[in-house]
Amino acid sequence: MSMTLRRLSRAATAGLVAAAALTAAAHSAEAADTLGSAAAGQGRYFGTAVAASHLGEADYTATLDREFSSVTPENEMKWDATEPSRGTFTFTSADRIVDHAQSKGMDVRGHTLVWHSQLPSWVGSLGASDLRTAMKDHINGLMGHYKGEIHSWDVVNEAFQDGGSGARRSSPFQDKLGDGFIEEAFRTARAADPAAKLCYNDYNTDGVNAKSNAVYNMVKDFKSRGVPIDCVGFQSHFNSNSPVPSDYRQNLQRFADLGVDVQITELDIEGSGSAQAADYTKVVEACLAVDRCTGMTVWGITDKYSWRSSGTPLLFDGNYQEKPAYDAVLSALGGSGDPGDPGDPGDPGDGTASCTATYTRTADWNSGYNGQVTITAGDEPISTWTVTVTLPAQQSVSSLWNGTPTWNGNVMTVKPSWNGTLAAGASTGFGFTAAKNGSDAAPTVGTCTAS
Ligand code: G3I
């Protein structure tokens with residue numbers, strides 16, 4: 001879509017956006033809230049990362065449209081997707097997401113303009129002067145195309161190293177343009193779309209540590225010198241090695257005190273059940289406790305499409321069922337659930353045993369691979385589960401552990417060996433080794449049943 005058409009389209013949907021906001025603000029006590037409506041009641045947005053390739057899946061889109069008030073294209077606005085060769089911009093996939101969001105009254109976060117990753121190789125081969133021009137052209141190309149349509153842009157992503165040094169990460173931009181590249185990017189971005197909030201976004205900056213201190217000092221310096229920066233994004237990818245920090249709220253607050261908004265931009269927390277739910281609660285409560293925390297985005301809708309799906313880090317399981325973490329987030333946002341929906345805030349379970357199953361390949365070699373199927377109980381405890389796994393016709397399984405298989409052609413039906421009993425929301429799994437015999441395709445995991 002051309003820039004002019006994009007702007008007209010935006011104007012036409014502005015009414016829809018306003019109507020959606022009003023609806024959200026006026027949510028009644030009787031109706032079930034959604035993440036978006038409950039967050040709107042707190043003056044925040046609640047967003048998700050979206051992949052254009054899944055928009056054709058009815059359950060994916062229905063969940064997106066029902067629950068979320070903001071979307072972030074997961075990969076479609078990155079440099080490799082939008083400017084694969086110099087000066088040739090392609091917006092087809094990103095436009096698809098933006099058009100869908102606008103048609104449903106959702107806002108859009110832009111992710112991301114200047115990042116060392118998902119960078120086409122031509123960028124890395126430029127000399128300094130050319131690279132500076134290319135960086136500015138890229139910012140102008142994207143922000144021009146979506147001018148007036150993006151509430152916040154991740155202008156620069158992940159420019160600092162992990163570890164204790166607080167140093168800048170090596171990248172073509174850092175190595176050839178020096179520390180000033182971030183400032184140049186923000187100044188270019190402000191001129192390209194003065195209405196967009198301009199964010200610096202990073203991970204492992206969620207608590208007070210050497211890396212977040214380095215970002216803090218940069219933001220402080222920018223504010224003191226009038227370099228245009230409006231917000232800092234905290235990715236918030238958590239797991240047992242990187243748990244929700246105890247000083248999360250304090251860290252958000254100290255950035256806010258510099259005079260910038262803070263946003264939780266890529267939230268996901270590996271785990272399951274009540275422990276995962278409790279961690280999500282901590283994050284939502286931290287954001288709500290900081291006035292300038294303007295919104296939260298989870299990094300995907302369903303566990304099955306997460307970038308780390310084996311860790312089941314999201315709010316909806318692989319069958320788009322609300323997890324305990326969903327109920328916890330809704331409750332922390334002050335929302336009320338559907339009285340008929342077990343597990344929703346304030347509602348008991350209805351005694352129906354259920355489970356979900358997700359597959360991941362855990363090892364891979366020329367002639368074979370190891371697969372792992374993770375089983376997660378629903379809102380009720382279960383005493384047994386059954387899952388079918390259909391292998392490509394050529395493949396054969398040589399061993400299977402933590403499960404008991406029976407075979408029908410290339411379909412194996414797996415039941416527990418010792419691990420049938422699960423608490424509500426808890427997980428177990430079985431693994432297997434398969435010979436490829438010429439087919440590298442993934443097996444298909446069927447519906448999980450439990451009692
Ligand atoms: O689309 C191709 C497909 O055609 C190809 O067959 C397949 C083979 O590997 O790759 C597909 O592309 C993958 C793409 O995701 C779309 O699924 C890439 O390989 C894969 O590298 C890419 O991963 C993305 C990752 O960023 C890349 O760095 C994840 O989806 C995305 O969730 C993740 O997001 C990042 C944020 O942008 C920045 N912060 C960290 C976060 C998590 O890593």
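Whatever order the structure lists them in is the order used to number ligands and atoms, beginning at 1.
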Any donor-acceptor N or O pair under 3.5 Å, side chains T205, S212: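 Absent: no donor and acceptor within the cut-off.
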Side-chain H-bond candidate by donor/acceptor type, N370 with T362, under 3.5 Å: no
Polar atom proximity, W299 to ligand 1 (N or O, under 3.5 Å): yes
For [atom], what's the nearest protein heavy-atom neighbour? Residue, atom name and distance, please.
{"atom": "atom 33 (C) of ligand 1", "answer": "K78 NZ, 3.8 Å"}
{"atom": "atom 24 (C) of ligand 1", "answer": "N75 OD1, 3.4 Å"}
{"atom": "atom 41 (C) of ligand 1", "answer": "E266 OE1, 3.3 Å"}
{"atom": "atom 32 (O) of ligand 1", "answer": "E74 OE2, 2.4 Å"}

Check: H54 ring centre within less than 6.0 Å of Y305 ring centre: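 Yes; Y305 has its ring centre under 6.0 Å from that of H54.
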F238 ring center within less than 6.0 Å of Y248 ring center: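 For Y248 and F238, the ring centres are under 6.0 Å apart.
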Over 60° means perpendicular and under 30° means parallel, so classify the ring planes of [Y] and [X], tilted if in between.
{"X": "F222", "Y": "F186", "result": "perpendicular"}
{"X": "Y200", "Y": "F160", "result": "perpendicular"}
{"X": "Y60", "Y": "Y320", "result": "perpendicular"}
{"X": "W153", "Y": "Y146", "result": "tilted"}
{"X": "H111", "Y": "W115", "result": "tilted"}

Proximity flag R308 to ligand 1, non-hydrogen atoms under 4.0 Å: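 Not so, R308 does not reach ligand 1.
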Ligand 1 contact by N157, heavy-atom criterion under 4.0 angstrom: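 For ligand 1, residue contact (heavy atoms, under 4.0 Å) with N157 is present.
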With heavy atoms of [X] as the reference, note each atom of ligand 1 found under 4.0 Å away.
{"X": "E158", "result": "38 (C), 39 (N), 40 (C)"}
{"X": "H237", "result": "40 (C), 41 (C)"}
{"X": "Q118", "result": "25 (C), 26 (O), 27 (C), 28 (O)"}
{"X": "Q235", "result": "39 (N), 40 (C)"}

For [atom], state whether the nearest protein heavy atom is under 4.0 Å away.
{"atom": "atom 7 (C) of ligand 1", "answer": "no"}
{"atom": "atom 43 (O) of ligand 1", "answer": "yes"}
{"atom": "atom 1 (O) of ligand 1", "answer": "no"}
{"atom": "atom 20 (C) of ligand 1", "answer": "no"}
{"atom": "atom 28 (O) of ligand 1", "answer": "yes"}
{"atom": "atom 4 (O) of ligand 1", "answer": "no"}
{"atom": "atom 11 (C) of ligand 1", "answer": "no"}
{"atom": "atom 36 (C) of ligand 1", "answer": "yes"}

Evaluation steps, side-chain hydrogen bond (donor to acceptor under 3.5 Å, both in side chains), between D33 and S37: CA-CA 6 Å; D33 278 304; S37 69; 3.2 Å; yes
Worked verdict on E76 versus R96 for salt bridge (charged side-chain N to carboxylate O under 4.0 Å, His left out): CA-CA 9 Å; E76 292 77 356; R96 209 170 147 213; over 6 Å; no
K176 to F181 six-membered ring, cation-pi geometry met (6.0 Å, 45°): no
